[in-house]
Amino acid sequence: MIASAEQLELLVDALRVTSAGGNRFRGPTAARKLPRLFGGQVLAQAVMAAGATVPEDRYPHSLHTLFLRGGDPHTPVTYQVTILRDGRSYSARTVVATQGEDVLATLQLSFATEQEGPEHQWSAPLPPTAPEELLPLHERLESESAVLPPWWSQPHPFDVRFLEHPEALAAAGTRSPEQRFWVRAAAGVPDEPLLHTALLAYVSDLTLLDPALMPHGRSWYGNRVIAGASIDHAMWFHRRFSMNDWMLCRQTSPIATGGRCLCTCDFTTEAGARIASATQEGVLREP
């Protein structure tokens, strides 16, 4: 997972959905392919598709997603956008993502104009370790590279630096259900707010279920493997931001029961401003 400007450019290209008429959009396949279509790609392309139908002065503030089935990473995705409402300040959209006759996901997104009102924020203190002081992810995982899937060694569009070791990937160490990492784009992203929002939606799905494995000493790929998948994903965007800047992602899993786990995260700038929050539910099953 070496941070790659080329991979970032290819990802941005994949997020450039094209109109197919009638508020229908086509999302191209991504250059970096996983064994099944990455849910974060669906989130990001849906943001771009819905955003293409709203007034220019409105930006996403929330999305709510149901993942219904896995997709084929080699097949383009079609996004049908339904305009639910355009009010004075808010616009609501529904998006249905399909491959052929198969519905992969349904999403509801809301967009808003910039407004003023009471403000407050409560967040845990930022860690004292700066992102530049931490190992890039490919160095952090060097000792476990032999047990990771081949696609893990491919260049990545983001620079990801964990504060603690990402136990859930392969090591399967046991600890409290939380992890933290710094992340930013591998190279400069154009000044397009909708694109930055889509990229953050992509990032939000990378490792959000990981903390649910940590109390149980399980991993996705290495020791004591367990299987999992996302069921739904909700996200809220609080402030304008740039993926060109470092942001801290803090992830926790408050509960796992009934074969499902709940995980949450927030994204905070180096200056301490909270810019986004996300919650995801997933299934955990013995392979």
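The six-membered or imidazole ring of His156 lies away from that of Trp151, with a centre-to-centre distance of 6.0 Å or more.
Judged by distance alone, with hydrogens and angles left aside, the side-chain atoms of Arg239 form no donor-acceptor pair with the main-chain N or O of Ala273 at under 3.5 Å. Proximity of a side-chain donor or acceptor of Thr113 to a complementary backbone N or O of Arg58 within less than 3.5 Å is not detected. Judged by distance alone, with hydrogens and angles left aside, the side-chain atoms of Asn244 form a donor-acceptor pair with the main-chain N or O of Val189 at under 3.5 Å. In terms of modelled atom types and a separation under 3.5 Å, the side chain of Arg224 and the main chain of His216 share a donor-acceptor contact. Side chain of Asn223 to main chain of Ala171: a donor-acceptor pair is present (N/O by atom type, distance under 3.5 Å, no hydrogens or angles). Formation of a donor-acceptor pair under 3.5 Å by the Gln99 side chain with backbone atoms of Asp72 is found in this model. Looking only at distances, a side-chain donor or acceptor of His196 sits under 3.5 Å from a matching main-chain atom of Met243. Of the possible polar contacts, none joining the Ser230 side chain to the Asp232 backbone as a donor-acceptor pair under 3.5 Å is found. With hydrogens and angles disregarded, a donor-acceptor distance shorter than 3.5 Å links the side chain of Thr269 to the backbone of Ala271.
Neither side chain, Thr207 nor Asp210, offers a donor N or O lying under 3.5 Å from an acceptor on the other. A donor atom on one side chain and an acceptor atom on the other are found under 3.5 Å apart for His61 and Ser110. Using a 3.5 Å distance cut-off with no hydrogens or angles, the side chains of Thr264 and Thr279 do not pair a donor with an acceptor. Side-chain N/O atoms of Gln179 and Gln251 include a donor and acceptor closer than 3.5 Å.
Contact annotation: the side chain of Arg184 never approaches that of Met247 to less than 4.5 Å [non-hydrogen atoms, C-beta and beyond]. Using a 4.5 Å cut-off on side-chain heavy atoms (C-beta onward), Thr94 and Thr106 make no contact. Residues Ser153 and Ser145 form no side-chain contact, since every pair of their non-hydrogen atoms from C-beta on lies 4.5 Å or further apart. At a threshold of 4.5 Å between non-hydrogen side-chain atoms, the residues Phe241 and Thr197 count as touching. In this structure the side chain of Trp152 reaches within 4.5 angstrom of the side chain of Leu137, judged on heavy atoms. Side-chain contact between Leu213 and Leu284 is present, with at least one heavy-atom pair separated by less than 4.5 Å. In this structure, Gln41 and Lys33 have side chains that are not in contact, with every pair of non-hydrogen atoms separated by 4.5 Å or more.
The structure places OG of Ser62 at 8.0 Å from CH2 of Trp236, a figure rounded to the nearest 0.5 Å. One finds the OH atom of Tyr221 at 12.5 Å from the CD atom of Glu144 (value rounded to the nearest 0.5 Å). From Thr65, atom OG1 reaches atom CG of Leu43 across 4.5 Å, with rounding to the nearest 0.5 Å. The OG1 atom of Thr268 sits 7.5 Å away from the CD1 atom of Ile275 when rounded to the nearest 0.5 Å.
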Side chain to side chain contact (heavy atoms under 4.5 Å, CB included) for Gln80 and Thr98? Distances and angles first, verdict last. CA-CA 8 Å; Gln80 178 65 57; Thr98 59; over 6 Å; no
Leu209 and Trp220: side chain to side chain contact (heavy atoms under 4.5 Å, CB included), yes or no, with the steps? CA-CA 10 Å; Leu209 294 183; Trp220 301 122; 3.8 Å; yes
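The number of heavy-atom neighbours closer than 6.0 Å to CD of Glu56, taken from other residues, nucleotides and ligands shown, is 12 or below. Counting non-hydrogen atoms of other residues, nucleotides and ligands closer than 6.0 Å to CD of Glu142 gives a total of 12 or fewer. For CZ of Arg36, the number of neighbouring non-hydrogen atoms (other residues, nucleotides, ligands) closer than 6.0 Å is 12 at most.
When Val47, Thr82, Thr53 are each tested for a side-chain contact (heavy atoms from CB on, under 4.5 Å) with Arg93, only one passes: Thr53.
Evaluation of the salt bridge (charged side-chain N to carboxylate O under 4.0 Å, His left out) test over residues 257-274, restricted to residues two or more places apart or in two chains, returns Arg250-Asp266, Arg260-Glu281.
Tracing side-chain contacts under 4.5 Å through hydrophobic residues (I, L, V, M, F, W, Y), one never reaches Leu200 starting from Leu248; they form parts of separate clusters.
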Could you list the donor-acceptor pairs under 3.5 angstrom formed by side chains in residues 6-17, with sequence neighbours left out?
residue, atom, partner, partner atom, Å
Arg16, NH1, Glu192, OE1, 2.7
Arg16, NH2, Glu192, OE2, 3.0

